[in-house]
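Below is one structure, written out as structure tokens; the observations come after it.
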Amino acid sequence: MGQEIVTLQFGKGSNSIGAQYWAQQRAASLLGSKTRHGHQEFDRSRLFRGAELSEPRTLVFDLKGTYDITLTGASDGDSQFDATLWRNQPQLLLPERSQGAPGASWSDLDTTVYNPNTPHMIPAFHQNNQAGHKFQSYFDGSDVFDSFEKENETVDSSLRFFTEESDSLQGFQVFVDAFDGFSGFSARYLEVIREEYPKTPVLVFSTIADLNGTPSDFNVINRAMFLTETAKLDCATIAVHPKLALDCISHDKALSSAESQLASSAALAVAIDAALSAARATLAPSSIETIRQTINTRGSTFYSELFTSPMPLNYQSDMPAALKSMSHFPSNEVTGF
């Protein structure tokens with residue numbers, strides 16, 4: 001036991017990736033992947049907690065009116081997993097969520113059961129508010145953070161709940177929408193985390209664009225300011241590309257916005273899981289810190305990018321040829337491997 005990882009998720013795009021990430025972790029557990037010597041390949045307790053190791057050790061932040069998720073039945077924060085409860089009488093957070101087309105929210109297909117300390121809504125903004133001020137700039141997020149944290153005390157309550165029950169916390173993995181207001185909100189949150197946990201490694205996966213949104217000048221400015229702040233905090237930041245991930249998936253039909261988001265998030269979740277798998281290995285394990293040092297080999301590199309490979313590859317095709325067929329990879333930039 002020990003070497004636990006606490007996850008933080010900020011924003012619609014990152015929570016969509018997170019939903020797929022947790023589904024993949026549960027699927028991998030059911031498959032029971034083992035080494036050739038018969039040992040479990042990955043330690044589930046690194047990411048999950050509870051009697052059945054069913055609850056992700058994660059905090060989820062999104063706008064008011066965004067999602068419904070199922071919670072375990074505990075009200076005191078120290079829950080034991082109750083399969084009967086959630087199968088027969090699931091508790092839904094925010095059942096009055098704004099209605100939309102099926103799949104409009106990342107939570108519509110999310111079957112993970114979360115701890116009551118996990119969900120947090122930003123009440124100052126509303127996901128479907130067409131008339132009011134939108135949560136679109138770095139300063140929208142940074143400005144609302146102080147009042148939100150003063151009222152909810154998520155660091156002292158929810159985050160500390162997960163960290164203090166850990167035998168030996170190895171680090172934080174963070175999924176962030178770095179293109180909208182969550183860039184500023186999460187940067188301020190990470191600043192507080194760094195004050196509370198100054199030596200704990202932080203690995204950030206920043207979603208650089210809204211897959212189905214309209215690009216704006218805000219997107220570039222938000223990403224730049226977020227990266228500047230996380231570098232000051234000694235966080236290793238890895239950019240993920242939703243559009244590129246979607247291009248990696250072979251499909252023969254036009255996808256709706258909800259289907260595109262689901263497919264892209266699933267591909268990115270696979271890539272993130274592969275990048276972090278060594279930190280959960282039972283034999284010869286690595287750690288969040290080792291992965292961070294791999295990125296920051298010179299001591300001054302705080303930014304990298306995570307790419308998904310085209311899948312599935314056609315029989316007898318090679319990777320350079322596959323990349324050249326993708327819109328994001330001009331042929332003159334692809335070389336042999």
Side-chain angles (χ1 to χ4, degrees), residues 8-18 60-67 98 100-101 103-106 121-148 174-191 204-232 235 237-248 254-265 267-268 302-308 326-330:
L8 296 98
Q9 304 168 204
F10 297 93
K12 176 182 67 176
S14 292
N15 282 324
S16 181
I17 295 171
V60 170
F61 297 85
D62 215 332
L63 302 184
K64 180 180 179 181
T66 306
Y67 61 97
S98 302
S105 168
W106 57 265
M121 291 175 291
I122 312 299
F125 293 84
H126 195 285
Q127 174 71 12
N128 297 313
N129 186 1
Q130 300 297 324
H133 187 54
K134 295 183 179 180
F135 198 59
Q136 62 181 349
S137 81
Y138 180 96
F139 296 106
D140 289 334
S142 60
D143 289 347
V144 79
F145 171 82
D146 290 329
S147 59
F148 173 85
V174 184
F175 305 157
V176 176
D177 284 358
F179 55 84
D180 61 11
F182 279 105
S183 58
F185 185 93
S186 58
R188 287 285 291 113
Y189 205 96
L190 290 172
E191 182 180 340
V204 180
F205 291 89
S206 64
T207 304
I208 68 166
D210 184 352
L211 179 63
N212 298 305
T214 302
S216 72
D217 292 339
F218 277 116
N219 300 154
V220 178
I221 296 171
N222 292 338
R223 295 199 306 267
M225 295 189 69
F226 176 77
L227 180 60
T228 300
E229 292 304 313
T230 53
K232 293 178 183 177
C235 300
T237 301
I238 303 173
V240 296
H241 302 252
K243 181 62 168 64
L244 177 59
L246 185 63
D247 286 351
C248 288
L255 300 179
S256 67
S257 60
E259 290 171 331
S260 297
Q261 185 71 60
L262 178 64
S264 172
S265 297
L268 287 172
F302 300 100
Y303 180 81
S304 61
E305 297 190 355
L306 179 68
F307 291 102
T308 53
M326 297 168 58
S327 61
H328 288 259
F329 283 88

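Computation of the quantities below employed the complete heavy-atom set of this structure, encompassing side-chain atoms and omitting hydrogens, waters and symmetry-equivalent molecules.
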Evaluate the side chain to side chain contact (heavy atoms under 4.5 Å, CB included) criterion for residues Phe179 and Thr207: first the C-alpha distance (whole Å), next the side-chain angles of each, then the deciding distance (0.1 Å), finally the verdict. CA-CA 7 Å; Phe179 55 84; Thr207 304; 4.0 Å; yes
So, Phe135 versus Phe182, ring centres under 6.0 angstrom or not? yes
Any Phe226 side-chain heavy atom under 4.5 Å of Val204 side chain: yes
Might you point out which heavy atoms bring Leu246 and Ala263 nearest each other, and give the distance in Å? CD1-CB, 3.9 Å
Donor-acceptor under 3.5 Å (Ser264 side chain, Pro242 main chain): yes
Approximate separation, where rounding is to 0.5 Å, of Ser142 OG and Met225 CE: 7.0 Å
Value rounded to 0.5 Å, distance of OG in Ser183 from CG in Leu227: 11.5 Å
Would one find more than 12 heavy atoms of other residues, nucleotides or ligands at under 6.0 Å from atom CG of Asp217? no
Separation of Asp140 CG from Phe145 CZ (nearest 0.5 Å): 15.5 Å
Minimum side-chain heavy-atom gap Val174-Phe10 below 4.5 Å: yes
Just by distance, do the side chain of Ser14 and the backbone of Gln9 share a donor-acceptor pair under 3.5 Å? no
Indicate yes or no for a side-chain donor-acceptor contact from Asn222 to the backbone of Tyr138 under 3.5 Å, with no hydrogens or angles considered. yes
Is any side-chain N of the basic residue among Asp210 and Lys12 closer than 4.0 Å to the acidic one's carboxylate O? yes
To the nearest 0.5 angstrom, please state how far the OG atom of Ser206 sits from the NE2 atom of His241. 8.0 Å
Please check: side-chain N/O of Asn15 versus main-chain N/O of Phe61, any donor-acceptor pairing under 3.5 Å? yes
Looking only at heavy atoms, which two atoms of Ser265 and Gly13 are closest? And how far apart? OG-O, 4.5 Å
Value for CD (Gln261) from CD1 (Ile17), rounded to nearest 0.5 Å, stands at 7.5 Å
Check whether any side-chain N or O of Ser147 sits under 3.5 Å from a backbone N or O of Val144 as a donor-acceptor pair, and report yes or no. yes
Can you tell if the side chain of Lys243 reaches within under 4.5 Å of the side chain of Leu211, non-hydrogen atoms only? yes
